[in-house]
Number of protein chains: 2
Amino acid sequence: MGRPTLEDVARLAGVSRSTVSRVINRQPGVAPSHRRLVQEAVVELGYRPHLAARALASGRADTLDLIILDDDPDALSANPHYARVLAGTVKALAGNDIRLQIHVLPTIVGSWAGTGFGAVLINVPPESAQRLRRGYGWVVSMGRSAPRVSSIEPDNAEGGRLAVDHLYRAGRRRIAVIDGPESNPCAVQRREGGLRVIREAGLEPVLVRGDFTFATAERRTRELMAGHPDIDGIFACCDMTAAGARQALSATGRRVPDDVAIVGFDDGIVASSSGLTSVRQTVEDNAGLAARMVLAREGRRVTVPVSLTVRESSGHHRDA
Amino acid sequence: MGRPTLEDVARLAGVSRSTVSRVINRQPGVAPSHRRLVQEAVVELGYRPHLAARALASGRADTLDLIILDDDPDALSANPHYARVLAGTVKALAGNDIRLQIHVLPTIVGSWAGTGFGAVLINVPPESAQRLRRGYGWVVSMGRSAPRVSSIEPDNAEGGRLAVDHLYRAGRRRIAVIDGPESNPCAVQRREGGLRVIREAGLEPVLVRGDFTFATAERRTRELMAGHPDIDGIFACCDMTAAGARQALSATGRRVPDDVAIVGFDDGIVASSSGLTSVRQTVEDNAGLAARMVLAREGRRVTVPVSLTVRESSGHHRDA
DNA sequence: CTGAAAGCGCTTACAG
DNA sequence: CTGAAAGCGCTTACAG
């Protein structure tokens with residue numbers, strides 16, 4: 001007999017399809033007694049709305065959009081950070097019969113008429129996020145955004161502090177910070193958190209401009225070590241940057257961590273598979289929460305705690 | 001005025017909606033003259049089918065399923081290989097208005113009634129693939145599968161040969177191979193390709209049982225080096241395995257590549273971000289091709305060439 | 001607060 | 001080979 005329909009629920013509850021529809025969609029203006037009857041019928045039949053039908057009737061799609069701003073069209077495979085976002089979103093949507101529409105774009109042009117439930121935004125600058133919010137009705141940004149845009153972000157500044165504090169405690173006194181894109185609030189907060197600790201310790205920070213890519217980090221670290229051969233600690237504002245820095249150090253004959261200790265940020269696969277000390281952020285959980293916030297139309301700004309995972313790159317002792 | 005509908009096309013072409021539907025869906029039994037009229041109208045109006053409506057009317061979904069078999073529910077973020085598959089699929093589907101339904105499961109239980117266009121299979125053993133093929137109507141397996149299941153795979157045996165040959169040419173004579181799950185045809189072929197080269201060189205191979213995970217590789221490599229301290233080269237059948245091996249070597253005081261050279265397989269982010277020599281397979285392209293094969297109902301078995309990317313872990317010389 | 005009815009844009013027997 | 005018609009499972013004015 002196939003899956004139960006609205007009609008089945010209506011019949012069992014002894015009301016009209018309209019009423020059932022209203023209850024399902026949490027619309028106001030339904031007598032509490034009817035509401036209860038419908039809810040019971042839904043449970044009894046195990047009813048779940050047919051999303052394609054809803055999409056057709058309502059004109060909106062049964063879709064959650066994931067919008068990733070990145071110049072690299074292959075970013076999804078090149079940057080494991082996105083994979084974590086995707087993983088978290090997929091997990092949050094599991095069983096919900098909601099489809100994910102993934103967009104990887106270099107930039108947001110014009111205005112979008114989002115046709116689905118809404119969108120989760122990655123690396124989208126505040127102004128664009130604002131526009132998308134209007135087009136979509138509902139968006140949640142990963143990382144702080146414009147005032148009226150919901151967001152969820154790790155405690156970036158605290159992460160920066162943890163990283164540099166760790167380097168300092170390990171005895172490092174010439175510490176460089178490699179930051180990320182100036183347009184990325186996360187990158188800026190991490191840098192500032194790190195720089196503050198360096199200054200508070202009475203040290204002179206060395207700042208290197210990064211862009212969250214391996215290649216740039218590698219090049220800039222070579223330049224850094226040429227100009228400041230006494231650097232003994234590096235805080236990189238993401239793991240890819242840390243990996244690039246390590247590559248440059250190794251290529252120029254420095255030992256890690258003996259000569260230079262490195263701490264990254266993300267604690268993703270790049271860090272865990274290569275012994276990189278890193279600030280841990282729960283990307284998967286954050287993305288899952290963002291997705292759920294979109295679906296539930298929740299508007300708020302969440303900051304998530306971070307921690308430090310210590311590995312070999314900052315001097316974790318060997319066990320044999 | 002909104003997007004054009006079937007009705008609009010029918011009116012412009014001067015035929016019925018039924019006829020238009022038949023042309024759109026490439027069904028036989030339409031007069032060539034009518035077919036042309038419809039096609040012209042489609043182009044003129046820029047008509048594209050409303051997939052939710054089609055899904056509702058036909059009972060099938062506008063969806064491509066991606067089925068990943070993995071014991072780890074977080075595999076999507078833990079293993080960057082899947083991210084590459086996802087990236088390739090998303091790219092192939094871009095602009096097609098087709099949604100991706102992603103499933104990460106420990107095992108395939110019972111029979112599935114696939115409701116969408118079909119499925120791309122990752123790590124699905126032949127018998128299950130066979131069943132899914134029936135349920136879905138159309139599937140394509142990443143990696144060789146049952147006789148009647150279409151597949152696309154890298155030239156695994158050749159990759160194994162390339163890897164070991166490279167170690168041999170670098171002067172390594174005590175070479176170990178860490179393989180993958182016995183149930184995974186890719187893993188088996190890589191191992192056999194590598195072992196053959198070792199034997200052909202008149203050497204005695206050392207085989208280590210792996211499972212494509214970092215943790216197992218780390219543990220087994222410790223055991224390996226305890227039992228065979230003279231090992232000077234390791235071919236690991238995937239990058240995660242290579243990373244685990246390297247971790248174990250470093251933890252037990254061996255230098256890479258000076259004491260032991262390592263070659264992995266995949267050449268994904270784990271390899272490129274940490275100087276790991278690896279056999280390159282074009283996962284993204286392969287996955288994209290698989291997706292397109294499902295949509296086009298193409299049935300064939302494709303083998304894709306591989307190559308070797310040499311980095312520090314096998315003795316690539318330093319540049320400064 | 002409630003329901004009858006039209007309609008979303010397609011597909012698919014069915015009759016011809 | 002073709003078209004009129006029913007129907008997929010919902011939503012949403014509209015009237016009451």
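Just so it is clear, the model here is predicted, and its values are computed rather than measured. Each chain gets a letter, A, B and so on, in the order the sequences are listed, and its residues count up from 1.
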| Among D:dG7, C:dT2, D:dG3, the nucleotide that comes nearest once only the side chain of A:A31 is considered | C:dT2
| request: Answer yes or no: does a side-chain N or O of A:S16 lie under 4.0 Å from OP1 or OP2 of C:dA4? | output: no
| query | Under 4.5 Å between any side-chain heavy atoms of A:R144 and A:N156, yes or no? | reply | no
| message | Rounded to whole Å, please give me the gap between CG in B:L45 and P in C:dG9. | response | 14 Å
| query | Should the heavy atoms of other residues, nucleotides or ligands under 6.0 Å from CZ of B:R36 be counted, would the total exceed 12? | reply | no
| task | Consider only side-chain N and O atoms of B:S77 and A:E284, and report whether a donor and an acceptor are under 3.5 Å apart. | result | yes
| field | Atom-to-atom span, CZ of A:R3 to C1' of D:dC10 - whole angstrom | value | 11 Å
| Mind checking whether B:P154 and B:R280 have side chains closer than 4.5 Å, heavy atoms only? | no
| task | Classify the nucleic acid contact of A:T19 as base, sugar-phosphate or nothing, counting any heavy atom under 4.0 Å across all strands shown. | result | sugar-phosphate
| note | Per atom distances to the A:Q27 side chain, the nearest of D:dT12, D:dT11, C:dG9 is D:dT12
| field | A:A57, nearest nucleotide to its side chain (from D:dC1, C:dG7, C:dC1) | value | C:dG7
| A:G29 or A:R17: which one's nearest nucleotide on DNA chain C is closer to the 5' end? | A:G29
| task | Searching all strands shown, indicate the nucleotide that pairs with C:dG16 (Watson-Crick or G-U wobble; both distances under 3.5 Å). | result | D:dC1
| query | Which part of the nucleic acid, if any, lies within reach of A:T5 when heavy atoms closer than 4.0 Å are counted: base, sugar-phosphate only, or nothing? | reply | sugar-phosphate
| request: Return the nearest nucleotide to the side chain of A:Y47; candidates are D:dC10, C:dT2, C:dG3. | output: D:dC10
| remark: Testing D:dT2, C:dC1, D:dC10 for proximity to the side chain of A:R54, the answer is D:dC10
| note | Checking D:dG9, C:dT11, D:dT12 against the side chain of B:L56 (C-beta onward), the nearest is D:dG9
| request: Measure distances between side-chain N and O atoms of A:R22 and base N and O atoms of C:dG3, and say whether any donor-acceptor pair falls under 3.5 Å. | output: yes
| How is A:S18 classified with respect to the nucleic acid when contacts are heavy atoms under 4.0 Å: base, sugar-phosphate, or nothing? | base
| For A:R148, does the CZ atom sit with more than 12 other heavy atoms under 6.0 Å from it, leaving out its own atoms? | no
